[in-house]
Protein chains: 2
Amino acid sequence: MTRTAHPLTSPGKQMLSEQVYAHLRDAIMRGDHAPGDALKPQDIAKEQGVSLAVVREALVRLVGEGLADRLPNRGFAVPAFSDRRWQEIAEARRTIEPVVLRMSIERGDVDWEARVRAAHHRLARTPAFVPEDGEYYSSAWSEAHRVFHRTLLEGCGNPVLLETFDRMWTASELARRWAAQRDPDRDAVGEHRRLEEAALARDADTAAEVLARHLTLTAAALTGSSRQAKEVL
Amino acid sequence: MTRTAHPLTSPGKQMLSEQVYAHLRDAIMRGDHAPGDALKPQDIAKEQGVSLAVVREALVRLVGEGLADRLPNRGFAVPAFSDRRWQEIAEARRTIEPVVLRMSIERGDVDWEARVRAAHHRLARTPAFVPEDGEYYSSAWSEAHRVFHRTLLEGCGNPVLLETFDRMWTASELARRWAAQRDPDRDAVGEHRRLEEAALARDADTAAEVLARHLTLTAAALTGSSRQAKEVL
DNA sequence: ATAACACGGATAATCGATTATTTGTCGAAT
DNA sequence: ATTCGACAAATAATCGATTATCCGTGTTAT
């Protein structure tokens, strides 16, 4: 039955593939599936109540962002990160983010300063762990963490560099889900505080150094032993 | 009629969506379509002799790589780059590539040295322009140019950083197609030669500086006037 | 006993057709 | 003459079904 023309653009409606994409992305990032698990279009289509075409589109997008693997004629799967891959991602972040942070600190305006303050404040008062979630970071903390690191860089004013950050962050978080158990000795809170202080003081040298160290320590904590951290430092 | 099972994996066969994807990517990168032109799935499907599903999959992949724009319920289009966007891409390259080049020079082995030599040699003896192609760079030169710049960075040994290069290079070349007329005063040949020399001499400081200048000059040449180049330098 | 081959189930890839949305146009009311 | 709204073409999004491919299993020949 065709209903009469909409008086105004129907508000809540968006593409099904978009919804399925977001759902799968969140599920994968949340770690709902084990690495290597098959993502079967038919099963997903049935449980989401949509056709294969929309699931397929969502999966293809996921592959493009590194959130799914594809083997031709073999289907899609949750990506499995090797330790080597994880280290490469961490190194890439160490290489690029301090440079962008410098640019950000040199260029950021007062609005950026305010956003940095707000992001750090939010991060500092969000608990990283909630008892019932076991060893995993709470999703609220993960999001606050991402926003803080991104905000630090946003002063650079270059969307292309921020896109690069987004891609690496996604890969980094995905790998962290599975490479990881937390290192209780880490003082990430203090590192974040020092980052904020250096950024707001416009001390690019210190900020870049602290960020590089922060990323190194994080990477070392996630590869199990803290031996590597001491070596690098 | 179903034919009997293959004695061995049929050799030339690959996914249709892959072929269509490659075809569209090449066409867009070659500049066959004007920026902003609609990419109509139906037309493409008909001229390629495939169904809508495979065209759609190819287009979704293209969007993921920034080689097509998508407006929900409005279809796909060849991306139109603003001058601002082009400058952002160029700045991102200036920011990241010199840093990666340093790492590459510090780490590259003798095999890398040989590949740099070969890539530069190939670039130097490939003509940048062929008369019948008007003002556009020849596709052979474009490819040799890409390989040279990529090879310079490959010594870093980090696939994640190289993926980042690939994405930025693609965006850069796409923008160049349309932002661009060449600046006859440019001595890109000399810049490339100095890059090779500094890299092989393991002079990371000089190489990074030459690369930054090279990217600045290229960007300035493509935004029309060479005024900006002089300012930045 | 082993290795190569053929069958069959499961699932990926593709297709043809249906449904939904947008946009331009035409006409009526002001 | 201008604006608002309904109609109609174009085309994007989705669906259900078909075809092709892979892989495990069982069979047969050596």
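Protein chains get the first letters and strands the later ones, always in sequence-line order, with residue 1 at the start of each. Just so we're clear, the structure is a prediction, and the values are computed from it rather than from any experiment.
The side chain of A:K40 approaches C:dA12 more closely than any other nucleotide in the set C:dC15, D:dC15, C:dA12. When distances are taken from the side chain of A:V54 to each of D:dA13, C:dT14, D:dC15, the shortest belongs to D:dC15. Across C:dA13, C:dC15, D:dA13, the shortest atom-to-atom separation from the side chain of A:F76 is found for C:dA13.
The CG atom of A:D43 sits 11 Å away from the C1' atom of C:dA10 (whole-angstrom rounding). D:dT14 atom P lies 13 Å from atom CG of B:L52, rounded to whole Å. Look at CD on B:Q42: it is 14 Å from C1' on D:dT14, rounded to the nearest Å. Going from atom CD of A:Q19 over to atom P of D:dT14 covers 9 Å, rounded to whole Å. B:K46 has its NZ atom 15 Å from the C1' atom of C:dC15, to the nearest Å. In this structure, CD of B:E57 is placed 7 Å from P of C:dA13, rounded to the nearest angstrom. Across the protein-nucleic acid pair, B:L59 atom CG and D:dT14 atom C1' stand 16 Å apart, rounded to whole Å. Per the geometry, CZ belonging to A:R74 stands 10 Å off P belonging to C:dA12, to the nearest Å.
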Open item on the list: Pair B:F76, B:K40 - check side chain to side chain contact (heavy atoms under 4.5 Å, CB included), show working.
Closed with: CA-CA 7 Å; B:F76 303 85; B:K40 301 186 184 180; over 6 Å; no
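Between B:H214 and B:H149, the distance from one ring center to the other falls under 6.0 angstrom.
At least one donor-acceptor pair closer than 3.5 Å links the side chain of B:R107 to the backbone N or O of B:C156.
Along DNA chain D, the nucleotide nearest to A:P72 and the one nearest to A:G49 differ in position, and the one closer to the 5' end is contacted by A:G49.
Checking A:N158 against B:E91 by side-chain atom types alone, a donor-acceptor pair falls below 3.5 Å. Residues A:R93 and A:S172 bring a donor and an acceptor atom of their side chains to less than 3.5 Å of each other.
Looking at heavy-atom distances under 4.0 Å, A:R56 makes contact with a base.
Side-chain N/O atoms of B:S51 include one lying less than 4.0 angstrom from OP1 or OP2 on C:dC15.
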